[in-house]
Amino acid sequence: MAKKLLLLDVDSGVDDAQAMMMALAAPNVQILGITCTHGNTKIENVCKNVLRVLKVCQRSEIPVYRGASASLLEDQLNADHFHGKDGLGDVPDPNAPGLEYVQAEFAVNAMIRIATECAGQVSLVAIGPLTNVALAFKMDHTFPSKLRHLYIMGGNMEGRGNVTVCSEFNFAADPEAAYVVLNHFACPIYIATWEYCLRHALPWEFFKEWVNQSTQKACFMKKITAHTEKFSKGMQGSRELYFGPGFVSCDSFAMAAAIDESVVTEYIRYGVSVELQGSLTRGMMIVDTLNLLQKQNQAFIMIKCDIEKIKQLMMSALK
């Protein structure tokens with residue numbers, strides 16, 4: 001059976017690393033390239049982190065491309081408090097690959113080229129701010145029609161944010177880019193929202209089993225997640241509704257859906273957009289339940305998943 005062709009767009013923090021390793025371990029997947037964007041950490045760190053993950057997984061042949069270093073409006077948001085200043089838990093590796101291993105081609109150009117070469121066959125998995133994806137559309141308006149699917153981790157449904165009052169991190173980091181993508185892409189769009197991820201938080205007992213597998217990959221994961229684990233557990237209790245009742249690897253949920261569509265057991269389908277104006281609501285995803293926007297291409301919003309399949313994919317990622 002032919003492998004699924006994936007193009008990954010990441011802002012490599014810890015959960016991006018988890019999602020990438022899941023895809024790298026999937027026997028039914030071929031990754032054509034990894035494009036890097038600003039987000040969890042600065043773009044130089046994102047590129048280094050992707051190269052580091054590929055080295056650990058012995059997949060350094062996969063090309064890595066440097067993309068946008070800030071949002072469309074030149075704003076910058078980061079998640080140092082959660083992922084560490086370097087994006088991977090501030091665990092140095094003196095033998096990590098350097099930026100000389102990043103391709104010379106700009107990420108957005110690479111996106112357009114790969115989608116053109118594999119028109120109708122490649123799915124884009126966007127698990128960071130959508131700046132690169134929006135720029136690809138701005139450079140080539142036919143870009144969305146060349147994609148098989150677009151999988152997004154981002155947005156929220158209940159007006160409950162995780163970095164601002166009403167917005168989720170990836171959309172808050174570049175609301176204009178999210179607006180462009182949700183309003184101009186005609187390919188099927190699948191969204192793993194913040195609430196979807198929280199609802200499927202994994203028990204910390206599973207996390208312990210996961211990172212204590214006796215493999216090099218598990219050892220790497222245990223080191224880079226120590227900072228995030230401490231932060232997450234410290235926030236749970238008084239703010240459990242905010243961070244969920246357990247281990248939440250947001251980007252892994254979007255990646256799992258791209259790897260195996262049967263992971264998601266229930267979707268709802270609505271037109272979606274992004275609020276750009278409100279001082280408190282900027283970056284919030286709008287779900288048009290009344291169909292007032294009359295959008296032809298409605299997004300598939302993930303609601304329920306097969307949590308055992310998620311666990312299996314995650315365990316396999318560290319073997």
For atom [atom1] of [X], decide whether the heavy atoms of other residues, nucleotides or ligands shown that lie under 6.0 angstrom number more than 12.
{"X": "Gln58", "atom1": "CD", "value": "no"}
{"X": "Lys295", "atom1": "NZ", "value": "yes"}
{"X": "Gln296", "atom1": "CD", "value": "no"}
{"X": "Glu61", "atom1": "CD", "value": "yes"}

Could you check Glu195 against Met157 for side chain to side chain contact (heavy atoms under 4.5 Å, CB included), going step by step and ending with a plain yes or no?
-> CA-CA 7 Å; Glu195 293 90 347; Met157 293 182 63; 4.1 Å; yes
For Arg66, which residues count as a side-chain hydrogen bond (donor to acceptor under 3.5 Å, both in side chains) partner, sequence neighbours excluded?
-> Glu44
Do Ser12 side-chain atoms and Asp16 backbone N/O form a donor-acceptor pair below 3.5 Å?
->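 Checked: no pair found.
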Full working for side chain to side chain contact (heavy atoms under 4.5 Å, CB included) between Asp93 and Arg52 = CA-CA 9 Å; Asp93 179 3; Arg52 194 171 164 189; 3.7 Å; yes
Where does the angle between the aromatic ring planes of [X] and [Y] fall among parallel (under 30°), tilted (30 to 60°) and perpendicular (over 60°)?
{"X": "His200", "Y": "Phe253", "value": "tilted"}
{"X": "Phe247", "Y": "Trp210", "value": "tilted"}
{"X": "Tyr190", "Y": "His149", "value": "perpendicular"}

Tell me yes or no: between the side chains of [X] and [Y], is some donor less than 3.5 Å from an acceptor?
{"X": "Lys309", "Y": "Ser262", "value": "yes"}
{"X": "Thr131", "Y": "Asp174", "value": "yes"}
{"X": "Asp86", "Y": "Asn45", "value": "no"}
{"X": "Ser273", "Y": "Asn183", "value": "yes"}
{"X": "Lys146", "Y": "Thr116", "value": "yes"}

Using a strict cut-off of less than 4.0 Å between a Lys/Arg side-chain nitrogen and an Asp/Glu carboxylate oxygen, indicate whether Lys311 and Glu308 qualify as a salt bridge.
-> yes
Are the charged groups of Glu229 and Lys222 less than 4.0 angstrom apart, N to O?
->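 So Glu229 does not pair with Lys222 through a salt bridge.
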Where do Met284 and Arg160 land on the side chain to side chain contact (heavy atoms under 4.5 Å, CB included) test, with the steps shown first?
-> CA-CA 9 Å; Met284 181 178 72; Arg160 182 163 58 100; over 6 Å; no
N/O donor-acceptor pairs under 3.5 Å from side chains in residues 94-104, not counting sequence neighbours:
none

Could you point out which residue of Val46, Ile224, Thr228, Thr225 forms a side-chain contact (heavy atoms from CB on, under 4.5 Å) with Leu88?
-> Ile224
So among Asp9, Val125, Val181, which one has a side-chain contact (heavy atoms from CB on, under 4.5 Å) with Leu150?
->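 Checked Asp9, Val125, Val181 against Leu150; only one passes side-chain contact (heavy atoms from CB on, under 4.5 Å): Val181.
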Would Val272 and Ile286 count as a side chain to side chain contact (heavy atoms under 4.5 Å, CB included) if you check the C-alpha gap in whole Å, the side-chain angles of each, and the deciding distance to 0.1 Å?
-> CA-CA 5 Å; Val272 290; Ile286 299 164; over 6 Å; no
